[in-house]
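Here is the naming used below: chain letters follow the sequence lines, and residue numbers restart at 1 for every chain. When reading the values below, keep in mind they use all heavy atoms of this one structure, side chains included, and skip hydrogens, waters and symmetry mates. All figures in this text were calculated on a predicted structure; none of them were measured in a lab.
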Protein chains: 2
Amino acid sequence: MVQGHRRPTLETVAERAGVSRATVSRVVNGQPSTPESRRAVEEAIAELGYVPNLAARTLVTRRTGLIALVLPESSTRVFSEDQFFPQLIQGISQELEEADRQLVLMLAGSAESTQRIERSAQARHVDGVMLASVHGANPLTAALVRSKIPVVSNERALGSVVVPHVDVDNYGGARAAVEHLVAAGRRRIATIAGPSDMVAGIDRLQGYRDAIDDAGLPRVEIAGEFTRTSGAEAMQRLLAEESGADAVFAASDLMADGALRVLRREGVRVPEDVAVIGFDDIALSAHADPPMSTVRQPIAGIGRTMAGQLLRAVDGEQIEPAVTLPTELVLRSSA
Amino acid sequence: MVQGHRRPTLETVAERAGVSRATVSRVVNGQPSTPESRRAVEEAIAELGYVPNLAARTLVTRRTGLIALVLPESSTRVFSEDQFFPQLIQGISQELEEADRQLVLMLAGSAESTQRIERSAQARHVDGVMLASVHGANPLTAALVRSKIPVVSNERALGSVVVPHVDVDNYGGARAAVEHLVAAGRRRIATIAGPSDMVAGIDRLQGYRDAIDDAGLPRVEIAGEFTRTSGAEAMQRLLAEESGADAVFAASDLMADGALRVLRREGVRVPEDVAVIGFDDIALSAHADPPMSTVRQPIAGIGRTMAGQLLRAVDGEQIEPAVTLPTELVLRSSA
DNA sequence: CTGAAAGCGCTTACAG
DNA sequence: CTGAAAGCGCTTACAG
């Protein structure tokens with residue numbers, strides 16, 4: 001590979017290959033050409049170490065090759081121990097790499113950063129955007145949808161906005177957990193619920209309720225915030241109120257872990273006295289004391305699927321308004 | 001803001017404002033202009049909702065406004081519970097936002113992805129790159145340095161490559177932890193070390209050794225991999241070998257947590273029988289049983305500083321070959 | 001299948 | 001301080 005002090009352009013390659021710039025462009029983009037010109041061009045490219053100038057290409061195609069992942073920084077999940085964020089990115093990254101797209105990360109922390117993101121999307125500095133872990137009815141979702149840029153979210157939007165999304169079966173997973181508890185003979189099954197302004201919180205609570213109601217058992221609900229601390233506090237209240245719970249379904253593993261710690265400290269045996277099931281199956285859960293039973297959700301799979309759907313939308317395809325990925329009940333020692 | 005079906009360009013703005021495109025460009029870029037033309041242009045921009053086309057600008061300025069963060073996916077840290085990755089990104093993101101630059105995330109998982117990254121850097125699809133958590137003497141570092149693109153790493157490179165870096169005082173932090181144990185009267189202080197092919201592993205071990213040697217105490221070293229499992233295994237071996245250790249300095253909180261679990265299970269009292277100090281101060285540490293003493297490192301600060309240095313390098317400034325951020329010994333109950 | 005030419009939307013010497 | 005004009009490096013009808 002020859003390296004001048006100036007990077008080679010289509011022009012340089014064309015000259016070397018003895019063809020026109022148009023032909024080089026076509027070869028580079030995989031369009032039909034005679035085997036001879038193709039070979040000549042490919043050789044020239046290799047010799048010169050030619051790499052296309054993306055800005056020039058973008059200027060005419062109006063495609064940047066950039067896909068944004070927008071995360072409200074306020075999201076508990078971004079900087080939480082639940083590993084949601086890294087795993088999501090891992091999945092997204094795989095999918096984008098196969099499509100030769102780059103991932104641009106945008107944290108929407110402040111009102112200003114949210115505005116920057118809106119303008120960025122509106123001005124098409126990226127080809128599409130993935131929205132993750134938005135709390136409640138975030139105005140950003142609506143703004144992006146309005147801007148007509150291809151968007152995929154990791155959950156359905158709350159409020160009146162409709163956005164294509166990819167999520168896991170929160171309802172079914174919660175339901176399966178509770179049904180397992182019921183089948184095991186538990187009669188007073190409490191839930192430590194997630195925030196009521198998050199889809200995951202809402203849907204998992206509904207799954208709990210329906211399973212409980214179907215079993216003719218009493219509902220025992222206490223609110224948490226998906227964090228370990230909130231789980232510990234909720235468990236403490238459950239104990240203090242003498243709820244008589246013989247099982248707890250926590251809507252996140254972190255909350256379940258908090259509950260487990262409180263139970264251990266108070267000398268309550270798990271699962272003998274109280275059975276515990278979490279939701280997520282994060283790394284920590286297998287190492288919990290005792291090892292935690294939980295509902296596994298495929299976080300990297302969400303990422304891959306979101307990216308895949310978005311790429312299709314960017315290519316002008318009609319995509320499914322919603323994709324729901326299955327969850328799986330993982331039984332260990334806590335229930 | 002008027003919105004045609006076509007986005008406004010400099011041309012449109014110039015027409016509306018009654019000036020030339022050059023003048024609009026200068027106003028947009030904050031170059032000198034008469035108050036009148038400035039006002040006219042700003043009004044036109046507001047009315048039209050003009051946002052510059054970045055590709056066009058990049059084509060002439062050769063600046064993309066994009067900064068890459070490259071993470072070898074094999075890195076334990078990227079998908080580890082230690083929150084290194086999210087926190088680093090948080091710091092980077094803040095700094096880049098202030099400078100109006102976008103963050104492109106590149107995971108170097110396979111040989112192919114590593115090649116893509118090299119080409120991307122070589123072709124200047126980004127203005128600069130930050131390299132994090134590279135194991136051993138990664139060839140990517142050398143390749144990037146060779147390509148002359150501005151680079152900043154989160155630790156010094158192993159091997160012969162020299163790369164500007166920002167890191168914490170691993171050596172001093174480890175030393176402080178061990179000195180605290182010595183001062184507390186511990187006489188057989190073991191260390192669960194990190195990988196010997198990572199800077200953090202190497203430097204923390206050296207800090208331990210020097211402090212131990214200075215105190216005239218015997219070295220008791222056992223290798224770990226920064227993970228909880230490896231910490232647990234190391235602790236188990238320490239116990240099995242009847243090392244007689246009355247203190248353990250683990251080179252990461254995750255390893256310390258693994259050790260703590262083993263000690264609890266074996267009925268060894270912490271800190272009475274064995275004192276434990278970790279390194280990192282991750283979220284989990286305050287919730288450990290007992291709450292963990294540890295060496296806090298400012299991960300988000302590393303991110304901010306890396307980004308700040310890189311931005312200066314991108315602007316052609318000469319930057320420090322190394323910046324070392326301080327660590328802080330945080331005492332809780334385990335030591 | 002290929003080439004000549006126009007054009008994508010900016011910035012920046014160069015003159016004035 | 002401002003404008004006319006060139007040019008950044010591609011892609012893509014259009015003709016042939």
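- Arg62(A) comes within contact range of the sugar-phosphate backbone alone, with a heavy-atom separation under 4.0 Å but no base atom that close.
- In this structure, Glu320(B) places its CD atom where more than 12 heavy-atom neighbours from other residues, nucleotides or ligands lie under 6.0 Å away.
- Computed from coordinates, the Glu15(A) CD to dG9(D) P distance equals 14 Å when rounded to whole Å.
- Checking dA4(C), dT11(C), dG9(C) against the side-chain heavy atoms of Leu59(B) singles out dG9(C) as nearest.
- Proximity note for Ser25(A) (side chain, C-beta onward) versus dT11(D), dC10(D), dA4(D): the nearest is dT11(D).
- Side-chain proximity of Pro32(A) to dC1(C), dG3(C), dC10(D): nearest is dC1(C).
- Distance noted for atom P between dC10(D) and dC14(D): 24 Å (whole Å).
- Proximity of Asn53(A) to the phosphate of dC8(D): no side-chain N or O atom is located under 4.0 Å from OP1 or OP2.
- Between Thr34(A) and dC1(C) there is no side-chain N or O to OP1 or OP2 distance below 4.0 Å.
- Each of dT11(C), dT12(D), dG3(D) was ranked by its minimum atom distance to the side chain of Thr61(A); first place goes to dT12(D).
- Comparing dC10(D), dT2(D), dT12(C) by their closest approach to the side chain of Ser33(B) singles out dT2(D).
- Among the atoms of the strands shown, only primed sugar atoms or phosphate atoms (P, OP1, OP2) are found under 4.0 Å from some heavy atom of Ser37(B).
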